[in-house]
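Residue numbers count from 1 along this sequence. Note that the structure is predicted; figures quoted are calculated from it, not measured.
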Amino acid sequence: MNKKSIIAVVVLLAGVFGWILHHYSDKEVIKRTLSSIAIALDKEGEESLIHLSVKMRPVKDFIAPACEVIVQESNYHELLDPDLAIRYLIIYRSRQANLQVAIDKILVDIPGKGLAEVSILVHMTANQNRPNFFNEVHQVKFSLQKQKKKWLLHQATLPDALVYGH
């Protein structure tokens, strides 16, 4: 191999290694997890119980055994287990004919080993072509902890409209 080929291989390997480090970094894993959860929350029409169960499984697996939910506007503060949190999501989704959840912006901060603070701008559209249509953007904050190599939701700060609206 000539000198240029060796340099090209070294640069290529460094690029691949850098991409792998970035792709599997805690920040990127958290972003991908939250994006897949947003997709799981989408709803198009009526769903069978099996379909609903399959969609909610990754959401339930992401919630810590005791997740603190805070709604600052109404001074609501509660510890929820994953089953109760999923029940709330199922009820919320059942009130919508259709629902699209998208993440417009996500900021992830890792303040310490095994800790993450996440701020998300969530864009929700529901009930298209219906009188109760809504198209809203909400700021949501999460605190995550890494347990057994997996990020879990330990605290959610939600706006009043996501808990009591619609």
Side-chain angles (χ1 to χ4, degrees), residues 25-128 130 132-166:
S25 70
D26 286 332
K27 286 184 179 183
E28 292 304 311
V29 168
I30 290 167
K31 287 177 182 179
R32 282 194 306 277
T33 300
L34 291 170
S35 294
S36 69
I37 287 173
I39 292 168
L41 293 174
D42 282 357
K43 177 184 176 190
E44 285 299 325
E46 291 298 316
E47 298 172 320
S48 71
L49 291 176
I50 298 292
H51 183 72
L52 179 61
S53 297
V54 169
K55 287 185 81 170
M56 291 294 111
R57 177 50 120 192
V59 179
K60 183 178 179 185
D61 290 345
F62 181 65
I63 300 171
C67 180
E68 181 180 22
V69 176
I70 300 168
V71 182
Q72 292 176 337
E73 296 110 321
S74 57
N75 289 327
Y76 177 82
H77 180 270
E78 188 81 34
L79 279 177
L80 300 177
D81 64 38
D83 290 331
L84 194 54
I86 290 298
R87 189 168 297 154
Y88 165 78
L89 288 171
I90 289 170
I91 291 169
Y92 182 88
R93 291 174 78 250
S94 72
R95 294 189 309 229
Q96 316 308 327
N98 55 52
L99 177 67
Q100 287 82 39
V101 180
I103 296 175
D104 285 348
K105 185 176 181 181
I106 183 168
L107 299 172
V108 179
D109 182 39
I110 310 286
K113 186 173 175 71
L115 301 174
E117 298 296 326
V118 182
S119 179
I120 304 172
L121 206 54
V122 179
H123 186 176
M124 297 177 57
T125 307
N127 305 319
Q128 290 180 328
R130 295 181 178 261
N132 58 344
F133 170 80
F134 67 88
N135 183 6
E136 303 173 345
V137 176
H138 298 286
Q139 186 75 37
V140 177
K141 295 183 180 180
F142 295 143
S143 292
L144 310 176
Q145 291 181 8
K146 196 171 192 178
Q147 295 177 318
K148 298 179 184 176
K149 298 183 179 185
K150 186 175 176 184
W151 286 101
L152 297 177
L153 176 64
H154 278 265
Q155 184 182 72
T157 304
L158 307 172
D160 203 52
L162 283 180
V163 178
Y164 303 112
H166 311 294

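- Of all the heavy atoms in Ala156 and Cys67, the pair that sits closest is N-SG, 4.4 Å.
- Here CE of Met56 is found 12.0 Å from CG of Asp61. Values are rounded to the nearest 0.5 Å.
- Taking OG from Ser143 and NE2 from His154, the interatomic distance works out to 9.5 Å, rounded to the nearest 0.5 Å.
- The side-chain contact (heavy atoms from CB on, under 4.5 Å) test with Val122 singles out one residue from Val101, Leu41, Leu34, and that residue is Val101.
- Counting heavy atoms from C-beta on, the side chains of Ile30 and Ile110 come closer than 4.5 Å.
- Using a 4.5 Å heavy-atom cutoff, the side chains of Lys146 and Asp26 are in contact.
- Here the OG atom belonging to Ser35 is positioned 8.5 Å from the CD1 atom belonging to Ile120, to the nearest 0.5 angstrom.
- Put simply, CG on Leu80 and CZ on Arg87 are 11.0 Å apart, with the number rounded to the nearest 0.5 Å.
- Put simply, the side chain of Val118 does not reach to within 4.5 Å of the side chain of Lys31, judged on heavy atoms.
- For the pair Arg130 (side chain) and Ala97 (backbone), a donor-acceptor distance under 3.5 Å is absent.
- A 4.5 Å side-chain heavy-atom check between Thr125 and Phe133 finds at least one atom pair inside the cut-off.
- Heavy atoms only, all atoms of each residue included: Pro82 and Pro65 are closest at CD-O, 3.5 Å.
- Asn127 contributes a side-chain N or O that, together with a main-chain N or O of Asn132, makes up a donor-acceptor pair within less than 3.5 Å.
- With sequence neighbours excluded, no residue satisfies side-chain hydrogen bond (donor to acceptor under 3.5 Å, both in side chains) with Gln72.
- A donor-acceptor pair is defined here as one N or O able to donate and one able to accept, closer than 3.5 Å; such a pair exists between the side chain of Lys43 and the backbone of Gln96.
- Annotation for Pro159 and Gln139: closest pair CD-O, 3.4 Å, computed over non-hydrogen atoms.
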side-chain contact (heavy atoms from CB on, under 4.5 Å) evaluation trace for Glu44 with Gln100: CA-CA 8 Å; Glu44 285 299 325; Gln100 287 82 39; 2.5 Å; yes
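- With a 4.5 Å cut-off on side-chain heavy atoms, Ile103 and Leu121 do not count as touching.
- The shortest side-chain heavy-atom distance between Leu89 and Val59 falls under the 4.5 Å cut-off.
- Across all non-hydrogen atoms, the minimal contact from Ala85 to Ile63 is CB-CD1, 3.7 Å.
- The two atoms that bring Leu162 and Tyr92 nearest to each other are O-CE1, 3.7 Å, heavy atoms only.
- Between the side chain of Ser94 and the main chain of Ile91, a donor-acceptor pair closer than 3.5 Å is present.
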Stepwise side-chain contact (heavy atoms from CB on, under 4.5 Å) check, His77 with Val71: CA-CA 7 Å; His77 180 270; Val71 182; over 6 Å; no
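- With a 4.5 Å cut-off on side-chain heavy atoms, His138 and His123 do not count as touching.
- Closest of all the heavy-atom pairs between Tyr88 and Val163 is OH-CA, 3.3 Å.
- Residues Asp83 and Lys60 are paired through a salt bridge, judged by an N-O separation under 4.0 Å between the basic side chain and the carboxylate.
- A donor-acceptor pair is defined here as one N or O able to donate and one able to accept, closer than 3.5 Å; such a pair exists between the side chain of Asn98 and the backbone of Gln128.
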Audit row: Trp151, Gln145, side-chain contact (heavy atoms from CB on, under 4.5 Å) steps and yes/no: CA-CA 6 Å; Trp151 286 101; Gln145 291 181 8; 5.5 Å; no
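- In this structure, the separation between CG on Leu152 and CZ on Phe142 is 13.0 Å, given to the nearest 0.5 Å.
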Verdict with reasoning, Phe62 to Ile37, per side-chain contact (heavy atoms from CB on, under 4.5 Å): CA-CA 9 Å; Phe62 181 65; Ile37 287 173; 3.4 Å; yes
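- If you take OG1 on Thr33 and CG on Leu153, they are separated by 11.5 Å, rounding to the nearest 0.5 Å.
- Using modelled atom types, one side-chain atom of Lys55 and one backbone atom of Asp42 make a donor-acceptor pair closer than 3.5 Å.
- For the pair Met124 and Leu99, the minimum side-chain heavy-atom distance is below 4.5 Å.
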